[in-house]
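To keep things clear, I will list the structure first and then write my remarks on it.
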Amino acid sequence: MRGALWLNYRMTSALRLERKFFNRPTLQVARELLGTRLVRLEGGERTGGIIVETEAYIGEEDLGCHASAGYTPRTQVMYGPPGHAYVYFTYGMHWMLNFVVEVEGFPAAVLIRGIKPSEGIERIAARRAGRPREQWTNGPGKLCQALSINRAQNGADLCDPEAELFLECGVGIPDSCVTNSPRVGLNSVPEPWKSLPWRFAAKHETL
DNA sequence: AGCACGATTAACT
DNA sequence: GTTAATCGTGCTC
C-alpha cells in the first residue's frame, strides 16, 4: 500500500502542464500560472509550492524585457520553444526563474515572483535558515534559493518526462482573488512599459 | 579591456 | 527610509 502510494505520488505526468499551456499569449499564461504547482526534483526528492505571483515580459518591443537587447547569448532561450526555463543571474548574487512562453521565435517569458511552499518544507526551511516562514519564498531570488534553482536549470525543458523542474495543475483562483499592478524593479525603464499592469498576484487570503 | 547597471535581498538608520 | 553586497551582461573604446 505504501509502495503504491509512493509510486502514485511520483508518477505525476497526468497532472503536468503541457507545452500547449505555454504556447499562448504571455498575459494569459501569467494569469493562469497563479495557483499551479511548481515542482523541483532533486534525486527523487520533491520541493515546491503554489505559484502566487508572476510578471509578464513580452517581446523585443517591451523595454522592460531582456529581449529588448535582441538575440544574445543571454536571451537566446527566450527565442526558443515554449515550456522551457529561462534562468538568469542579477545583482551579482540572485537567480531569477522564468518560463518561456508564446510561439518559438517570439521572445517572451513569465517571471515567477512568489510561491507558497507546499512540499519539501524541511529542505526549504534549511535553505532559508533563520528567516520567518512568510519570507521563505516571497520574492524571485528567494524562491530560487529555496528550491536550489540556478544556471543549471537555464534552458531546461519543463515538459520533458525526465524534467527536474516542472509544473502541475493546482488550485483554481477566481478573478476576484487576483490583483494586477505594475511590474516591480523597472526603475529606469521608460513609459509606458514601466507602468503596464503586467504583474499578477493572488490575494493573500486566497491560499 | 573597461564600464555602468541590474526583473534583488538583507541589514541598517 | 537608505545602502552594501557582488558579478554577468551588453555596450563603448
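Chain A is the first sequence line, chain B the second, and so forth, proteins listed ahead of strands; every chain is numbered from 1. Treat the numbers as computed from the prediction; the structure is a model and nothing was measured.
Regarding N138(A), its CG atom lies at a distance of 19 Å from the P atom of dA7(B), rounded to whole Å. Atom CZ of F89(A) and atom C1' of dC5(B) are 14 Å apart (whole Å). Rounded to whole Å, atom P of dG6(B) lies 10 Å from atom NE2 of H66(A). Rounded to an integer number of Å, the gap from CG of L143(A) to P of dA7(B) is 16 Å. In this structure, I149(A) places its CD1 atom 16 Å from P of dT8(B), rounding to the nearest Å.
Residues satisfying the side-chain contact (heavy atoms from CB on, under 4.5 Å) test with N150(A), not counting sequence neighbours, are W95(A), S148(A), A152(A), Q153(A).
Distance check: D175(A) CG to F200(A) CZ gives 10.0 Å after rounding to the nearest 0.5 Å. Between the CG atom in L165(A) and the CG atom in L41(A) there is a gap of 9.0 Å [rounded to 0.5 Å].
Between R113(A) and dT8(B) there is a side-chain polar atom (N or O) within less than 4.0 angstrom of OP1 or OP2. For dA7(B), neither phosphate oxygen OP1 nor OP2 lies less than 4.0 angstrom from any side-chain nitrogen or oxygen of K194(A). Here R131(A) reaches the OP1 or OP2 of dA10(B): one of its side-chain N or O atoms lies under 4.0 Å away.
Checking S188(A) against Q135(A), the closest nucleotide of DNA chain B that is more toward the 5' end is the one next to S188(A). Taking for each of L97(A) and K142(A) the nucleotide of DNA chain B with the nearest heavy atom, the 5'-most of the two is the partner of L97(A).
When DNA chain C is scanned in the 5' to 3' direction for atoms under 4.0 Å from non-hydrogen atoms of chain A, the outermost contacting nucleotides are dA5(C) to dG10(C).
Within 4.0 Å of N187(A), counting heavy atoms only, lies no atom of the nucleic acid at all. Within the nucleic acid shown, G139(A) comes within 4.0 Å of sugar-phosphate atoms alone, with no base atom in reach, counting heavy atoms only. Across all strands shown, Y91(A) has heavy atoms under 4.0 Å from base atoms, whether or not it also approaches the sugar-phosphate. Heavy atoms of L111(A) sit under 4.0 angstrom from at least one base atom. As judged by a 4.0 angstrom heavy-atom cut-off over every strand, R74(A) is placed among residues touching the sugar-phosphate backbone only. Using a 4.0 Å heavy-atom criterion, one finds that R128(A) contacts the sugar-phosphate atoms exclusively. M93(A) comes within contact range of at least one nucleobase, with a heavy-atom separation under 4.0 Å.
Enclosure of atom NZ in K142(A) by more than 12 non-hydrogen atoms of other residues, nucleotides or ligands within 6.0 angstrom is indicated.
Base pairing of dT6(C): no nucleotide in any strand meets the Watson-Crick or G-U wobble criterion (both distances under 3.5 Å).
Apart from Y79(A) itself, the hydrophobic cluster it occupies contains Y71(A), where clustering links Ile, Leu, Val, Met, Phe, Trp and Tyr at side-chain heavy-atom distances under 4.5 Å.
Nucleotides dT3(C) and dC5(B) have their P atoms positioned 16 Å apart, rounded to a whole Å.
Salt bridge R183(A)/E55(A): absent, no basic N to carboxylate O contact under 4.0 Å. Between R127(A) and E42(A), at least one side-chain nitrogen of the basic residue sits less than 4.0 Å from a carboxylate oxygen of the acidic one, meeting the salt-bridge criterion.
R128(A) places a side-chain N or O within 3.5 Å of a backbone atom of Q135(A) that can act as its donor or acceptor partner.
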